[in-house]
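In what follows, every chain begins at residue 1, and chains take the letters A, B, ... in the order their sequences are listed.
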There are 2 protein chains.
Amino acid sequence: MAEVEKVSTVMAWELTLRTVSALLKVYDRTFIDKLGIPVTWYDVLVSLSGAPDNRLRAQTLAESVAITRPGMTRLVDAIEKAGLVRREAAKEDRRGSYVVLTDKGELTLAQAHTIHLDDLETNLGRFLDAEDLSDLHRVMNKVWTGHLSLSGRRAMHIETMPAPGPQ
Amino acid sequence: MAEVEKVSTVMAWELTLRTVSALLKVYDRTFIDKLGIPVTWYDVLVSLSGAPDNRLRAQTLAESVAITRPGMTRLVDAIEKAGLVRREAAKEDRRGSYVVLTDKGELTLAQAHTIHLDDLETNLGRFLDAEDLSDLHRVMNKVWTGHLSLSGRRAMHIETMPAPGPQ
DNA sequence: TAGCATATGATGCATATGCAGATACTGCGA
DNA sequence: TCGCAGTATCTGCATATGCATCATATGCTA
């Protein structure tokens, strides 16, 4: 039983990884072809649009799209150069700055959103019924929740610590 | 239900992407910390070990780990330098060469496999029961199969091809 | 068998992004 | 107030990897 379970975990993971990687490449290619921006920009714009006043600290933004702070510095440099976001000094903390979505950024995000929804439907939703989606969400939620408990919610520090049972 | 379905596709995808990305980072970190090699090397070694005579053409290898040929050239350069694989001229086609797993490569692969299995169990299998794994595999298989048909059935053949169906 | 389209792998260049350290600022304690 | 530890961001450097292109080899066609 334990043996069979391990093998299945490997199979499920390898298939999942291969599939997700392929989809990611498709989505990135679509963004580049149709909007001239990489998918990472879309992630940033989405995060900003979901924040109060369409603005976030660079630090927070970096966490929300899972890249490092130096990486976010360069990413914002590029997106700012394209005019989709701008930096604003933080009045209450002069060390830092806010990244703010511009009008042009909002426009681009709207286009990107439409394109991405279509792409998702074509490459993912189309092949899955309601139950599949529900199952996928359920499973990933278990793993994500477990991952958060393992990684201590913020630190990238990975050690085997006694994790509370999932769910 | 149709509109709910679309929203769910986005939700399921975002959660899946976030989860898979996090796991990938964990696995890569584990390989680097415990074996001093990146997870891409492991992918290459696994592909080779599943091939006849532990050897594959660079082209085939590149397809099986989903990177480009130039990328594979450099990747093999690095792995060869570490002594885990070696290049052998192809007798029947003097343009190309084979990448062959060395004894040291086999040894490293065995260690990597053990480590990875443990890592998978800790970060994935541990949170999922048999039904979860079966569901995940079923869903990903649908998407992967659909992706292949969309992209013109590219050669992505490895020994760990998507199984005929969930058990 | 000469010629050309194609295939394989390597190389130049560009981009993305991580780590280590630099810089500027904050806030707490002596 | 002063000094120091901590924080936010940026910069230098290294690595990974994609695209365009090159040299070589193959093999089909006439």
- Task: Only one of B:Asp103, B:Thr108, B:Leu48 passes side chain to side chain contact (heavy atoms under 4.5 Å, CB included) with B:Leu84; say which it is.
- Result: B:Thr108
- Query: With distance as the sole test, does B:Thr102 use its side chain to make a donor-acceptor pair with the main-chain N or O of B:Gly83 at under 3.5 Å?
  - Reply: yes
- Query: Is A:Thr60 reaching over with its side chain to a backbone N or O of A:Leu56, donor-acceptor style, under 3.5 angstrom?
  - Reply: no
- Taking all heavy atoms of B:Ile115 and all of B:Leu35, pick out the closest pair and write down the distance. CD1-CG, 3.7 Å
- Message: Quick one: does any side-chain atom of B:Asp53 pair with a main-chain N or O of B:Arg55 as donor and acceptor, under 3.5 Å?
- Response: no
- Task: Before accepting this row, confirm whether a basic side-chain N of the pair A:Asp77/A:Lys81 lies closer than 4.0 Å to the acidic partner's carboxylate O.
- Result: no
- Query: What residues in residues 27-37 of chain A put a non-hydrogen atom under 4.0 Å from any atom of DNA chain C?
  - Reply: none
- Query: Under a 4.0 Å heavy-atom cut-off, which of residues 41-55 of chain A touch DNA chain C?
  - Reply: none
- Query: B:Ser21 side chain to B:Arg18 main-chain N or O, any donor-acceptor pair under 3.5 Å?
  - Reply: no
- Grab the two heavy atoms, one from B:Lys142 and one from A:Phe127, that are nearest each other, plus how far apart they are. CD-O, 3.5 Å
- Message: Side chain of A:Pro70 only, heavy atoms from C-beta on: which candidate in D:dA20, D:dC10, D:dG18 is closest?
- Response: D:dC10
- Calculate the interatomic distance between A:Glu63 atom CD and D:dT9 atom P; express it in whole Å. 10 Å
- For A:Thr40, enumerate each residue passing the side-chain hydrogen bond (donor to acceptor under 3.5 Å, both in side chains) test, keeping only those at least two apart in sequence or located in another chain. none
- Task: Give a yes/no verdict on a cation-pi contact between B:Arg87 and B:Tyr98, requiring under 6.0 Å between NZ or CZ and the six-membered ring centre and an angle within 45° of the axis.
- Result: no
- Message: Taking B:Val39's backbone N and O only, do any of them form a donor-acceptor pair with B:Asp28's side chain (distance below 3.5 Å, no angle check)?
- Response: yes
- Message: Over the length of the helix from C:dT1-D:dA30 to C:dA30-D:dT1, how much do the five-pair end axes diverge, rounded to 10 degrees?
- Response: 0°
- Query: Going by an N to O cut-off under 4.0 Å, is there a salt bridge joining B:Arg86 and B:Glu80?
  - Reply: no
- Item | Length of the line joining B:Arg69:CZ and D:dT21:P, which is rounded to integer Å | 15 Å
- State, without any angle test, whether B:Asp119 and B:Thr30 hold a side-chain donor-acceptor pair at a distance under 3.5 Å. yes
- Which residues, if any, of residues 73-95 of chain A bring a heavy atom under 4.0 Å of DNA chain D? A:Thr73, A:Arg74, A:Arg87, A:Arg95
- Task: Using the six-membered ring wherever Trp is involved, compare the ring planes of A:Trp13 and B:Tyr27 and label them parallel, tilted or perpendicular (cut-offs 30° and 60°).
- Result: perpendicular
- Check the pair A:Phe31 / A:His116 against ring-ring contact (aromatic ring centres under 6.0 Å, His included), numbers first and verdict last. CA-CA 8 Å; A:Phe31 275 121; A:His116 191 47; 5.5 Å; yes
- Query: Taking any atom under 4.0 angstrom from a heavy atom of chain A, which nucleotides of DNA chain C are the first and last to qualify, 5' to 3'?
  - Reply: C:dT17 to C:dT26
